[in-house]
There are 2 protein chains.
Amino acid sequence: MRKDAQQNRAKILATAAQLFREQSVAAVSMKAIATAAGIGPGTLYRNYPNKSALCLDMSMTFIQEFVADAQQYLYQTTDDAVTQFKQVLTRYLRFRERRLQLLASIENGATVMPAYYKSDLYHELIQLFMQVLKPVSGPLLPGELKFRADMLIAMLKSNSYAYQREQGLSRDDLLTQISRLMIKSADPLKK
Amino acid sequence: MRKDAQQNRAKILATAAQLFREQSVAAVSMKAIATAAGIGPGTLYRNYPNKSALCLDMSMTFIQEFVADAQQYLYQTTDDAVTQFKQVLTRYLRFRERRLQLLASIENGATVMPAYYKSDLYHELIQLFMQVLKPVSGPLLPGELKFRADMLIAMLKSNSYAYQREQGLSRDDLLTQISRLMIKSADPLKK
DNA sequence: TTGACAAGTGGAGTCGGCTCCACTTATAGT
DNA sequence: ACTATAAGTGGAGCCGACTCCACTTGTCAA
């Protein structure tokens with residue numbers, strides 16, 4: 001890759017981040033990003049085939065931050081398995097809320113979802129959730145752990161999440177409900 | 001509503017259905033629908049604020065068909081609760097597969113999802129799933145049944161579903177996994 | 001240093017979703 | 001039958017996503 005091309009890529013990300021901070025993600029057009037970055041639309045699209053892909057790349061940092069934070073917690077904690085699960089889930093919910101717009105843009109872009117599922121990003125998330133799910137699920141069929149982690153993430157996609165919030169569920173209610181669904185135990189006592 | 005307007009509405013649905021049969025849903029533009037129906041884009045948009053809304057309306061029939069079919073089954077069956085749940089879920093999966101494109105268009109249209117959640121359609125689905133979930137879930141907190149039905153549907157949205165299929169899960173695997181997640185029992189015996 | 005050319009650029013242009021509004025028309029009250 | 005007018009129409013045109021390709025430029029081999 002040519003040096004000037006790398007610079008452009010960096011500039012795009014920086015400019016887009018800036019604009020996203022100033023206006024909502026949805027309100028910023030690709031053309032606006034290109035113009036603000038001082039490049040042509042063609043160059044922008046050479047780097048990112050669409051807006052969602054740009055958002056995906058931008059989310060990278062944030063997801064890695066979240067995963068690092070969660071792993072840091074897991075490394076130093078002495079909590080029991082159930083608490084660990086709930087802690088990580090809480091952090092995930094907080095993270096999602098913070099990056100709402102960006103994640104919505106990814107999840108609604110029909111074309112990027114396949115790419116998202118294949119990304120290291122998604123893989124890292126799954127690994128993390130598998131780690132905390134394993135001790136709290138009962139005995140599992142092969143593949144079941146991965147499936148449950150997938151479902152956990154599917155349940156919390158932006159549209160679904162937004163709907164539940166609208167229904168009046170607080171982040172804590174959500175935590176409770178999901179815990180009750182995912183945690184296998186001889187009848188969980190309430191919080 | 002004026003009589004001619006009603007005719008137009010009917011014509012739109014018929015024409016769109018026709019075009020969707022000939023080409024993929026994604027490939028048909030709103031302009032193409034308008035032209036084929038012999039009306040202007042403005043008239044089309046007066047009836048449906050966007051393509052997803054049109055798909056939503058068109059799905060109405062199909063969802064009602066599915067619900068009717070499921071209720072018909074429930075009415076005449078003597079199967080046990082677990083089998084009933086699985087039967088209904090199987091039918092739902094079949095229905096989703098049949099209407100894949102239409103449902104994807106609804107679920108990926110960022111703007112319609114809120115409308116979808118508020119629609120009678122969605123409400124009917126939820127009622128149906130609550131009905132079959134109740135006897136197979138353990139004792140539930142208030143609101144938990146509705147929550148689980150919501151999650152069941154969220155888990156099976158087109159992107160998630162497509163991903164699982166790509167991962168190599170058959171419709172039957174999906175059924176098994178979901179059953180194991182949603183059915184509370186003193187350790188379910190395998191199929 | 002220089003020339004060849006792969007790599008990269010940018011903006012004009014296409015296409016589709018969607019809006020706006022000047023115009024037409026069904027219909028209800030007289 | 002004859003308006004008045006609310007309801008409905010349709011197409012020109014906007015805006016944003018995305019493509020295409022003639023042109024520029026960094027790089028590397030000689």
Side-chain angles (χ1 to χ4, degrees), chain A residues 1-16 19-20 22-58 101-102 104-116, chain B residues 1-16 19-20 22-58 101-102 104-116:
Chain A
M1 196 190 217
R2 261 163 55 170
K3 209 176 54 193
D4 55 336
Q6 278 174 304
Q7 283 170 355
N8 269 335
R9 201 161 220 275
K11 198 164 191 184
I12 288 169
L13 232 47
T15 308
L19 291 180
F20 287 167
E22 287 165 18
Q23 312 160 46
S24 80
V25 171
V28 177
S29 76
M30 288 297 264
K31 209 172 162 194
I33 297 172
T35 307
I39 59 176
T43 304
L44 178 50
Y45 279 94
R46 152 173 297 268
N47 283 280
Y48 297 103
N50 52 62
K51 196 171 164 183
S52 302
L54 173 59
C55 291
L56 183 59
D57 194 22
M58 199 176 297
Q101 296 188 352
L102 224 44
S105 172
I106 295 168
E107 288 162 8
N108 287 319
T111 41
V112 271
M113 277 313 282
Y116 174 55
Chain B
M1 194 188 219
R2 263 161 56 170
K3 209 176 55 195
D4 55 337
Q6 278 175 306
Q7 283 170 356
N8 269 334
R9 202 160 219 277
K11 198 165 190 185
I12 289 169
L13 271 181
T15 309
L19 290 180
F20 287 167
E22 287 165 18
Q23 312 161 47
S24 79
V25 171
V28 177
S29 76
M30 288 298 264
K31 211 170 160 196
I33 296 171
T35 307
I39 59 175
T43 303
L44 178 50
Y45 278 94
R46 151 174 297 269
N47 283 280
Y48 298 103
N50 53 62
K51 196 173 165 182
S52 302
L54 174 59
C55 291
L56 183 59
D57 194 23
M58 199 176 296
Q101 295 188 352
L102 226 42
S105 172
I106 295 169
E107 288 161 9
N108 287 319
T111 41
V112 273
M113 277 314 282
Y116 174 55

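Here is how names work: the chains are called A, B, and so on, in the same order as the sequence lines, proteins then strands, and each is numbered from 1.
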Q: For the atom pair CG (B/L54) and CG (B/L44), what is the distance rounded to the nearest 0.5 Å?
A: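 The CG atom of B/L44 is 6.5 Å from CG of B/L54, to the nearest 0.5 Å.
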Q: Answer yes or no: is there a donor N or O on one side and an acceptor on the other, between the side chain of A/T43 and the main chain of A/I39, under 3.5 Å?
A: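 Absent.
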Q: How far does CG of A/N108 sit from CG of B/N108, to the nearest 0.5 angstrom?
A: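 Here the rounded value is 7.0 Å.
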Q: Atom CG of A/L44 and atom C1' of D/dC20: how far apart are they, to the nearest Å?
A: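 Taking atom C1' of D/dC20 as the reference, CG of A/L44 is at 16 Å.
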Q: Does anyone know the first and last nucleotide of DNA chain C in reach of chain B, 5' to 3', at under 4.0 angstrom to a heavy atom?
A: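 Nucleotide range with atoms under 4.0 Å of chain B: C/dG16 to C/dT27.
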Q: Which of residues 5-13 of chain A have a heavy atom under 4.0 Å from DNA chain C?
A: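 Going residue by residue through residues 5-13 of chain A, the ones with a heavy atom under 4.0 Å of DNA chain C turn out to be A/A5, A/N8.
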Q: Quick one: pull up CD in A/Q6 and NZ in A/K11 and give me the separation to the nearest 0.5 Å.
A: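 The CD atom of A/Q6 sits 15.0 Å away from the NZ atom of A/K11.
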Q: If I take atom CG from residue A/N8 and atom CE from residue A/M1, how far apart are they, to the nearest 0.5 angstrom?
A: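 One finds 9.0 Å between CG of A/N8 and CE of A/M1.
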Q: With the threshold set at under 4.0 Å for non-hydrogen atoms, list the residues of residues 23-41 of chain B touching DNA chain D in residue-number order.
A: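 Within residues 23-41 of chain B, the residues near DNA chain D are B/I39, B/G40, B/P41.
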Q: Return the OG1 to CG distance between A/T15 and A/L19, rounded to the nearest 0.5 Å.
A: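 A/T15 atom OG1 to A/L19 atom CG measures 7.0 Å (nearest 0.5 Å).
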Q: Mark up nucleotides 24-30 of chain D, 5' to 3', with B wherever a protein heavy atom is under 4.0 angstrom from a base atom, S wherever such an atom reaches only the sugar-phosphate, and - elsewhere.
A: -BSS---
Q: Taking A/S105 for the side chain and A/Q101 for the main chain, is one N or O donor matched with an acceptor at less than 3.5 Å?
A: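 Not confirmed, A/S105 side chain does not pair with A/Q101 backbone.
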Q: First locate atom CE of A/M58, then atom CD1 of A/I106, and finally report the distance between them rounded to the nearest 0.5 Å.
A: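 Here the interatomic distance stands at 9.5 Å.
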Q: Would A/C55 and A/F20 satisfy side chain to side chain contact (heavy atoms under 4.5 Å, CB included), going step by step from the backbone distance to the final call?
A: CA-CA 10 Å; A/C55 291; A/F20 287 167; 4.2 Å; yes
Q: Taking all non-hydrogen atoms of both residues, which atom of A/G109 and which atom of A/S52 are closest, and how far apart?
A: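 So the minimum-distance heavy-atom pair works out to CA-OG, 3.5 Å.
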Q: So which heavy atom on A/V28 is nearest to which on A/A32, and how close?
A: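 Looking at all heavy atoms of both residues, the closest pair is CG1-CB, 4.5 Å.
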Q: List the atom of B/A53, the atom of B/P49, and the distance in Å for their closest heavy-atom pair.
A: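 Where B/A53 meets B/P49 most closely, the heavy atoms are CB-CD, 3.9 Å.
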Q: What bend angle does the helix from C/dT1-D/dA30 to C/dT30-D/dA1 show across its length, from five-pair end axes and to the nearest 10 degrees?
A: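 Taking five pairs per end, the axes differ by 10°.
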Q: Just to verify, what does B/D57 make a side-chain contact (heavy atoms from CB on, under 4.5 Å) with, not counting sequence neighbours?
A: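 B/D57 satisfies side-chain contact (heavy atoms from CB on, under 4.5 Å) with B/R9, B/L13, B/Y48, B/M60 once adjacent residues are dropped.
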